Amino acid sequence: PDRDDAQWGQPVLTFRSLLTGETRRVKTTLSRIYGRQHWSPDASRVFARGEDANRRAGVFVVNVTTGEARTVFLSDTTASSRAVPWNLGWTPNGKEVIYRRYDPDSTVRTVAADVVTGTTRVLASWPHARPQDIVGEMSPDGRFLAQVVPTEDRQGTALRVSDLAGNSGR
């Protein structure tokens with residue numbers, strides 16, 4: 001997707017060819033798309049944050065040809081102030097997407113969801129977290145997660161790198 005074209009919050013994905021400069025827009029079945037989108041390994045889909053037709057925030061897999069969006073996880077932000085889930089990326093084989101969610105028990109969970117069956121598995125849980133703790137970036141190989149976290153004394157911030165299960169923090 002083309003980040004230079006100001007489509008933030010719109011239900012449209014804009015693609016620009018690096019070879020020709022040609023631009024193509026695809027209207028999606030979502031009511032809004034925001035944040036960063038992640039290409040699937042086969043470049044047929046993107047993993048995006050946004051809102052469905054009922055204005056429920058979540059993470060979705062969108063077909064880049066048709067614009068059809070498949071729900072991965074919804075967080076009903078119309079009924080609560082829970083944080084919007086954070087899309088991290090795809091597994092290298094393209095069979096699962098990884099996202100983080102903030103649950104009512106104040107736990108951040110890193111979840112893998114099968115894009116065909118919808119089956120999910122929790123990779124890591126972080127109890128006593130804050131809503132902003134869901135933000136992070138996955139490494140290109142899908143093995144590590146980087147995030148900015150408060151220091152132990154809560155006087156500053158530090159870069160934390162861990163595996164997707166939350167181990168090996170450094």
Side-chain angles (χ1 to χ4, degrees), residues 1-104 108-124 131-148 164:
D2 182 6
R3 291 177 215 245
D4 296 330
D5 194 351
Q7 296 296 317
W8 195 91
Q10 300 297 313
V12 175
L13 291 171
T14 302
F15 302 96
R16 180 178 298 154
S17 169
L18 295 176
L19 295 174
T20 67
E22 180 181 334
T23 299
R24 177 175 64 92
R25 293 181 183 212
V26 176
K27 180 155 177 34
T28 71
T29 56
L30 298 173
S31 66
R32 290 178 60 182
I33 297 172
Y34 40 81
R36 181 175 180 206
Q37 296 86 45
H38 302 271
W39 284 102
S40 62
D42 68 0
S44 67
R45 300 160 292 176
V46 292
F47 184 35
R49 295 171 66 214
E51 295 176 4
D52 69 3
N54 295 318
R55 306 280 301 168
R56 295 177 298 178
V59 288
F60 306 87
V61 172
V62 182
N63 180 301
V64 300
T65 302
T66 66
E68 183 68 32
R70 182 178 189 150
T71 301
V72 175
F73 177 77
L74 288 177
S75 176
D76 190 355
T77 53
T78 60
S80 73
S81 60
R82 289 195 359 212
V84 175
W86 192 265
N87 56 324
L88 293 171
W90 294 82
T91 55
N93 65 11
K95 293 183 179 181
E96 294 177 306
V97 289
I98 310 292
Y99 65 93
R100 294 181 105 187
R101 66 178 197 235
Y102 182 75
D103 289 337
V108 168
R109 290 182 171 82
T110 303
V111 179
D114 184 295
V115 295
V116 174
T117 67
T119 303
T120 62
R121 58 192 173 94
V122 175
L123 301 174
Q132 61 266 36
D133 293 331
I134 66 168
V135 177
E137 286 294 323
M138 197 162 62
S139 64
D141 65 3
R143 295 177 40 216
F144 297 99
L145 181 65
Q147 65 186 132
V148 175
L164 287 181

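Quick caveat: nothing in here was measured; it's all calculated off a predicted structure.
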Problem - Check: Phe73 ring centroid to Trp86 ring centroid under 6.0 Å - result: no
Handout entry: Shortest non-hydrogen separation from Val46 to Trp90 and the atoms involved
Key = C-CZ2, 4.2 Å
Exercise for the section: Check for a donor-acceptor pair, side chain of Gln147 on one end and backbone N or O of Leu145 on the other, with a separation under 3.5 Å. Expected result: no
Problem - Check: Val61 and Val97 side chains under 4.5 Å, non-hydrogen atoms - result: yes
Handout entry: Least distance between heavy atoms, Glu51 atom then Tyr34 atom
Key = CG-OH, 3.6 Å
Handout entry: Check against side-chain contact (heavy atoms from CB on, under 4.5 Å), Ile33 and Val12
Key = CA-CA 7 Å; Ile33 297 172; Val12 175; over 6 Å; no
Handout entry: Ile98 side chain near Thr110 side chain, heavy-atom distance below 4.5 Å
Key = yes
Exercise for the section: For Arg49 and Pro85, indicate whether the former's side chain and the latter's backbone hold a donor-acceptor pair under 3.5 Å. Expected result: yes
Practice task
State whether the side chain of Thr23 and the backbone N or O of Arg16 hold a donor-acceptor pair below 3.5 Å, judged by distance alone.
Solution key: no
Practice task
Answer whether the closest heavy-atom distance between the side chains of Arg121 and Val111 falls below 4.5 Å.
Solution key: no
Handout entry: Side-chain donor/acceptor of Thr28 to backbone N/O of Gly67, under 3.5 Å
Key = no
Practice task
Starting from the C-alpha separation in whole Å, work towards a yes-or-no answer on side-chain contact (heavy atoms from CB on, under 4.5 Å) for Arg24 and Val26.
Solution key: CA-CA 7 Å; Arg24 177 175 64 92; Val26 176; 3.0 Å; yes
Exercise for the section: Heavy atoms only: give me the nearest Ala112-Glu96 pair and the separation to one decimal. Expected result: CB-OE2, 3.7 Å
Fill in the blank from the handout: dist Thr66:OG1 -> Lys27:NZ (nearest 0.5 Å) comes out at 13.0 Å
Handout entry: Donor-acceptor under 3.5 Å (Arg70 side chain, Val115 main chain)
Key = yes
Exercise for the section: Could you check if a side-chain atom of Arg100 sits within less than 4.5 angstrom of a side-chain atom of Leu88, using non-hydrogen atoms only? Expected result: yes
Fill in the blank from the handout: Taking every heavy atom of Asp52 against every heavy atom of Phe60, the minimum-distance pair comes out as N-CZ, 3.8 Å
Exercise for the section: Could you tell me which non-hydrogen atom of Leu30 sits nearest to which non-hydrogen atom of Pro11, and how far apart they are? Expected result: O-CB, 2.9 Å
Exercise for the section: Could you pull out the closest heavy-atom pair between Phe47 and Asn87, with the gap in Å? Expected result: O-ND2, 3.1 Å
Handout entry: Sidechain N-carboxylate O distance under 4.0 Å for Asp114, Lys95
Key = no
Practice task
For Ser31 and Ala53, indicate whether the former's side chain and the latter's backbone hold a donor-acceptor pair under 3.5 Å.
Solution key: no
